[in-house]
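Data first, discussion second: the structure below is written as structure tokens.
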Amino acid sequence: MARLAGSEQDRSLAGFEEAVLRGVARRREELRTTSALAPIRIASVGLALAIGVTAGGVGAATTFAQSRQVSPFSAAAHLAPSTLLEGDR
């Protein structure tokens, strides 16, 4: 420690304290801005969640409300065993 204390400085510390205090002031201002915008962020997330839940609920309700017809001539006939056994022609 004595050798370190006796050595000369490799850089000047002039203005160091002011730079630190400017950084602290800038950080405090950023935190003040962030906390002022927090209610807007929370409201945005809540609105997005409500829209997503509503759209998902409507999609699920319409899926369950549609009746499924099973017919040999329907669009799902491509899954019939006779067509699956024939393979690609």
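Because the structure is a prediction, the values reported are computed rather than measured.
With rounding to the nearest 0.5 Å, the separation of OG1 in T34 from CZ in R27 is 7.5 Å. Rounding to the nearest 0.5 Å places CG of L37 at 11.0 Å from CD1 of I42.
With sequence neighbours left out, R3 forms a salt bridge (charged side-chain N to carboxylate O under 4.0 Å, His left out) with no residue at all.
The residues R26 and E29 are annotated as not salt-bridged, no charged nitrogen and carboxylate oxygen being separated by less than 4.0 angstrom.
Counting heavy atoms of neighbouring residues, nucleotides and ligands inside a 6.0 Å radius, atom CD of E17 does not exceed 12 of them.
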